[in-house]
Colleague: 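Here's a structure for you.
Note that ligands are numbered from 1 as they come in the structure, with each ligand's atoms numbered from 1 the same way.
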Amino acid sequence: MVSETLALTWYDAIFDRHSTRNYDGRPVPDGLLDALAPLLSGFAPLCEGARAVIVADSASEVFTGLVGPVGKITAPPVALAFIADTSHPHYQVATGYLGEGIVLEATSMGLATCWVSGSFRRNEAERRVTLAASEKVMALTPLGFPASSETFGAKAIRTAASAHKRKPLSSIVSGLPQKDWPPGCGEALEAARLAPSALNRQPWQFNVGEERVTISTSGLDPFPIAPVKLDCGIAMLHFEIAAKANGLRGEWRMSDKAPQVAEFVFTHSSL
Ligand SMILES: Cc1cc2nc3c(=O)[nH]c(=O)nc-3n(C[C@H](O)[C@H](O)[C@H](O)COP(=O)(O)O)c2cc1C
């Protein structure tokens, strides 16, 4: 479980975070990188199976200029590589959960980020980190300060507005009617709804019961480079920190009943 202090900081960051693809090239102060360092090896048991590494060596060369509405990542001074240990049974969820904690911490420091699992050069990324035989780079984020075109450009604002679109809660939540949800559950589901996902596909479904909330994958998993369980790991972190910030006690337990991914079991005192 994420500590109370981290949860409160990261809860605010959920509402501030958005993907930034154009950077102004300014270096990230060492003090900020040092402050991120303790999180890189994990901050909670669910991070087991994943770790992150700072890539400071010509980070911009790692990203490709993929065509499409999402565009190219330009001029990031630094990147973070999210590394999965594929021998771990839950490495995909772990990578999403760990990576998003670091992304939210960076957001709270005023740094911009963008999850990237498709538009990067694997050989360039893996050449810059040391990997064990069972490890691979699953995703990266650039890290830095946004270019002024990102901050003020009307086009960028329009693009961001549509990229930020999310499915309504009514289409991703089933189970108990909202009036019977325990206190804090609505806020936790709303935070999960805002989670970033590859191609903004939001491949999750939640079911609210008397004792637990389950998360399942929805739809197919056609892109092995961006597994839907990684997205679910991100949404699980959002749910957990919003639950903690809003007084809903409980913890995630992994599930082996696909398409169910995990269940957030309420601690009795919160009912
Ligand atoms: C696992 C993952 C992989 C992603 N891969 C890419 C990518 O390869 N290229 C890219 O430009 N954006 C990528 N994104 C960013 C998403 O497009 C973005 O999060 C989504 O559109 C929602 O927008 P927001 O992050 O601004 O809320 C990825 C996001 C996630 C969570």
Colleague: Heavy-atom contacts with Asp231 under 4.0 Å: which atoms of ligand 1 show up? List them by number with element.
Modeller: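 Answer, ordered by atom number: 1 (C), 31 (C).
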Colleague: Decide, yes or no, whether a salt bridge links Lys244 with Glu240 under the criterion of side-chain N to carboxylate O below 4.0 Å.
Modeller: no
Colleague: If you count the atoms of ligand 1 from 1 in the order shown, which ones are under 4.0 Å from a heavy atom of Arg21?
Modeller: 10 (C), 11 (O), 12 (N), 15 (C), 16 (C), 17 (O)
Colleague: Hey, which atoms in ligand 1 end up nearer than 4.0 Å to a heavy atom of Ile234?
Modeller: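 Counting from 1, the qualifying ligand atoms are 31 (C).
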Colleague: Considering only heavy atoms of His18, which atoms of ligand 1 have at least one such atom less than 4.0 Å away?
Modeller: 26 (O)
Colleague: Check this for me: does any side-chain nitrogen of one of Glu263 and Arg212 sit under 4.0 Å from a carboxylate oxygen of the other?
Modeller: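 Counted as a salt bridge, because a side-chain N and a carboxylate O are separated by less than 4.0 Å.
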Colleague: Centroid separation under 6.0 Å, is that true for the rings of Tyr97 and Trp252?
Modeller: no
Colleague: Where's the contact between Lys72 and ligand 1, heavy-atom distance under 4.0 Å: side chain, backbone, both or neither?
Modeller: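 The answer is neither; Lys72 stays 4.0 Å or more away.
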Colleague: Rounded to the nearest 0.5 Å, what separates atom CG in Leu176 from atom CH2 in Trp181?
Modeller: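 With rounding to 0.5 Å, CG (Leu176) is 9.0 Å from CH2 (Trp181).
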Colleague: With a 6.0 Å cut-off on ring centres, are Phe145 and Tyr23 close enough?
Modeller: no
Colleague: For ligand 1, which atoms, with element, lie under 4.0 Å from some heavy atom of Leu230?
Modeller: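 By the 4.0 Å cutoff, the relevant atoms are 1 (C).
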Colleague: Examine ligand 1 and decide if any of its atoms is less than 4.0 Å from a heavy atom belonging to Glu100.
Modeller: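 Outside the 4.0 Å threshold, so no.
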Colleague: Determine, using heavy atoms of Arg166 and all atoms of ligand 1, whether some pair is separated by less than 4.0 Å.
Modeller: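 Contact present.
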Colleague: Kindly state each residue pair satisfying salt bridge (charged side-chain N to carboxylate O under 4.0 Å, His left out) with at least one member in residues 22-40, sequence neighbours excluded.
Modeller: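 The answer is Asp24-Arg26.
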Colleague: Could you state the interatomic distance from CZ (Arg201) to OG (Ser218), rounded to the nearest 0.5 Å?
Modeller: 9.5 Å
Colleague: Below 4.0 angstrom, N of the basic side chain to O of the carboxylate: do Arg51 and Glu135 qualify?
Modeller: yes
Colleague: If you measure every N or O of Cys114 against every N or O of ligand 1, does any of those distances drop under 3.5 Å?
Modeller: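 No: no nitrogen or oxygen of Cys114 is under 3.5 Å from one in ligand 1.
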Colleague: Between Ser197 and ligand 1, which part of the residue brings a heavy atom under 4.0 Å of the ligand: side chain, backbone, both or neither?
Modeller: backbone
Colleague: Quick one: which of Pro227, Ala198, Ala139, Pro196 has a heavy atom closest to atom 19 (O) of ligand 1?
Modeller: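 Of the listed residues, Pro196 has the closest heavy atom.
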